[in-house]
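Working notes, structure below.
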Amino acid sequence: MDNVHFDDVNELIKRRIEEYNLLKENGVNPFEYSFNVSGYSTDIISNYDENVEQNVSVAGRIIAIRRMGKASFTHIVDVKGKIQIYLKADELGSQYDNFKLFDIGDLIGIEGKVFRTKTGEISVHAYKVVLLTKSLRPVPTPKEIIDESGNKVVFDQFTDKELRYRQRYLDLILNREVKDVFVLRSKIISAMRKYLDDAGVLEVETPVLQPIYGGASARPFVTHHNALDIPLYLRIADELYLKRLIVGGFDAVYEISKDFRNEGMDRTHNPEFTMLEVYVAYKDYEWMMDFVENMIKHVCLTVFEKTVFEIEGHSVDFGQKWQKVSMVDSLKEKTGLDLLTVSDEELLKTAIKYGVDISQAKSRGKLIDELFGIVIQPLLFQPCFVVDYPVETSPLAKKHRSKTGIVERFEGFVIGREICNAFSELNDPIDQRERFESQLKDKEKGDEEAQVLDEDFLRALEYGMPPTAGLGIGIDRLIMLLTNQNSIRDVILFPTMKPVK
RNA sequence: GGAGUGAUAGCUCAAUGGUAGAGCAGCUGCCUUUUAAGCAGUUGGUUCCGGGUUCGAGUCCCGGUCACUUCACCA
């Protein structure tokens, strides 16, 4: 005991260490090396056949114990779910005595036969029970019942959000639905990869540490490389590197990776987040619209086997053709303002009228973005593509082939939330240089998120980039939508937290 | 960054400015098909941290920490 170090020893931990010592005295290894498992809890239950004797071996963590003297019931959870175990003293002998020293939280292995109890629960009648890992910390003990209407009711649920995020392992042990969300997250990303791979798009990896950050409007994290003695930035987007690869002759590439933006945190923002970017040569944004639409539909069908989702009270159908909404036309319709011809003064006046905070909007492009966000965005429930963005808001997008002052860009929206951003990529290096220079002017005006000029990227464009369609999808937000989660922290396993103390 | 709300036993929560409590978990008994098992008994507290007011502070005041909600910014 004296050589045991816990930062917060209490009676419960002391008792568990005592049990750990007693078990060792009984010749039990409290930290076993392996255990052969024949199947998982929920599979055992669904494969039960009362006419066939089935012997199984399962392993899992004890979440409940009901001791009745010379017999006991315990529930264990494994990766798929939970199952009840029945143990009898006269059948287990010394193993039963050891079981008396087991606690909620311990990991155990069981061999036994499947049966149905008097009260109807399919369980495992153990003829062997071994301790696999002794849990030295008390695990919280929520309890649940199924009420008359068949709904699950949980008592003393582990709900403290701070503890759940900081100690996600406990959250995963105790809240089944949390694990389900992350399994879905994995499946969604797999389905996207499969779709992209099957479409002949090559998965690549580009630098996270960049001497010049670019590809998005955001403030970066800065770090320092000791040997080179230079600052390096954690990437805010993959865009400029992926386009260099298109210049290099790959004609379709994608990357799924973490981006980092040094900005505020809230329900929809984590400092590091997962982004998918796709670039396909010889295609334009019209082609990309069909591509996104089909990819999302494919994900819905393979992971959820449906295209209609109930999201915040709205029935959203990812199976229908996505409607196109023109930013310029819709704003003209609602506000009477023609973005293409309006003067700066007139734009400012209208922005104020609709409640745009002009102290934050440093540029014309930002004002237009804000105005759209307030006036039109909340109206877009069904999946749709917003098109016809003014050139000011999109420094990396190609000018529209027929409409002046407009770029070939679209953003996908679902129930008023943006889920993707794409353009016909700007590949004219002279135009690109002018756009960067215009961004520099915004930066001088105080726009900290304005993009910086990347000379090597311009040089790459000068060698010639084929016409290219590009796409970005914020994966975390897409997963929030599809799994009906209200906070980005509920789709990120270990969200960024401020350290305690 | 602003505003609001909150932090009490391992977990979930109570407590007019007046002895910090309950349920679960734990511990001691009894109990060989229970299931929020049951019955009897019992342990457990830096009330987030630091000041202040008061005869007396979990409670009121000030400062701080962390979280959540919301606004701003952004994806």
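Labels below follow one simple rule: chain letters A, B, ... track the order of the sequence lines, proteins then strands, and each chain is numbered from 1.
Note that A/Arg168 lies outside the cation-pi zone of A/Phe494, set by a 6.0 Å cut-off to the ring centre and a 45° limit from the axis. A cation-pi arrangement, defined by a distance under 6.0 Å to the six-membered ring centre and an angle within 45 degrees of its axis, is absent between A/Arg15 and A/Tyr20.
Comparing B/G1 with B/A15, their P atoms are spaced 33 Å from each other, to the whole Å. Distance check on atom C1': B/G52 versus B/U59 gives 15 Å, rounded to whole Å. When the C1' atom is used for both B/U32 and B/U46, the distance is 46 Å, rounded to whole Å. B/U53 and B/C62 are spaced 15 Å apart, taking the P atom of each and rounding to whole Å. Spacing between B/G45 and B/U19 at atom C1', rounded to whole Å, works out to 14 Å. Between B/G29 and B/U33, the distance separating the two C1' atoms is 23 Å to the nearest Å.
As the counterpart of B/G38, B/C30 is assigned, both hydrogen-bonding distances of the Watson-Crick or G-U wobble pattern falling under 3.5 Å. With a 3.5 Å ceiling on both atom-pair distances, the Watson-Crick or G-U wobble partner of B/U65 is B/A7.
Residue A/Arg185 comes nearest to A/Val491 through the heavy atom pair NH1-O, 2.6 Å, listed as atom of the first residue, atom of the second, then distance. Closest approach of A/Val414 and A/Pro383 over heavy atoms only: CG2-CA, 4.0 Å.
As judged by a 4.0 angstrom heavy-atom cut-off over every strand, A/Arg16 is placed among residues making no nucleic acid contact. Among the protein residues, A/Arg489 comes within range of the sugar-phosphate backbone only, with heavy atoms under 4.0 Å from sugar or phosphate atoms but none that close to a base. A/Glu19 comes within 4.0 angstrom of sugar-phosphate atoms only, judged by non-hydrogen atoms across all strands, and of no base. At the heavy-atom level, A/Ile473 lies nowhere under 4.0 Å from the strands shown. Across all strands, A/Ser72 comes closer than 4.0 Å to no nucleic acid atom at all (heavy-atom distances). A/Asn486 comes within 4.0 angstrom of nothing in the nucleic acid, heavy atoms only.
Residue A/Phe158 contributes atom CZ, which lies 6 Å from atom P of B/U12 at whole-angstrom precision. Atom pair A/Asp171:CG and B/G10:P shows a separation of 20 Å (rounding to whole Å applied). We find that CZ of A/Arg164 is positioned 17 Å from C1' of B/C66, with the value rounded to whole Å. Nucleotide B/G44 holds its P atom 12 Å from the NZ atom of A/Lys14, rounded to whole Å. Note: OH (A/Tyr165) to C1' (B/C68) measures 9 Å, nearest angstrom. B/U69 atom C1' lies 14 Å from atom CE of A/Met265, rounded to whole Å. Summarising the geometry, the separation between CG on A/Leu163 and P on B/C11 is reported as 6 Å, rounded to the nearest angstrom. A straight line from CG of A/Leu12 to P of B/G45 spans 11 Å, rounded to a whole angstrom.
Here the options are A/Gln157, A/Lys82, A/Arg176, the test is side chain to side chain contact (heavy atoms under 4.5 Å, CB included), and the partner is A/Glu144; only A/Lys82 passes.
Out of B/A67, B/C31, B/U12, the shortest distance to the side chain of A/Met497 is found at B/A67. In the set B/A25, B/A67, B/C13, B/A25 carries the atom at the smallest distance from any side-chain atom of A/Ile104.
Judged by distance alone, the side chain of A/Tyr96 and the main-chain N or O of A/Ala71 form a donor-acceptor pair under 3.5 Å. Using a distance-only test at 3.5 Å, with no hydrogens or angles considered, a donor-acceptor pair links the side chain of A/Asn175 to the main chain of A/Phe158.
In the interface, the side chain of A/Asp266 is paired with the base of B/C73 through a donor and an acceptor atom under 3.5 Å apart.
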Tell me, with the steps shown, if A/Asp43 and A/Asn47 meet side chain to side chain donor-acceptor pair (under 3.5 Å).
-> CA-CA 6 Å; A/Asp43 297 334; A/Asn47 294 336; 5.6 Å; no
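For B/A67, the OP1/OP2 oxygens have a side-chain nitrogen or oxygen of A/Arg166 closer than 4.0 Å. Distances shown here put every side-chain N or O of A/Arg15 at or beyond 4.0 Å from the OP1 or OP2 atom of B/G10.
The ring of A/Phe309 has its center closer than 6.0 angstrom to the ring center of A/Phe318.
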Could you run down nucleotides 33-43 of chain B 5' to 3' and tag each one B, S or - for protein heavy-atom contact under 4.0 Å?
-> BBBBB------
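Summary of the strand contacts: A/Glu162 and A/Asp90 both lie near RNA chain B, and taking for each the nucleotide with the nearest heavy atom, the more 5' one is attributed to A/Asp90.
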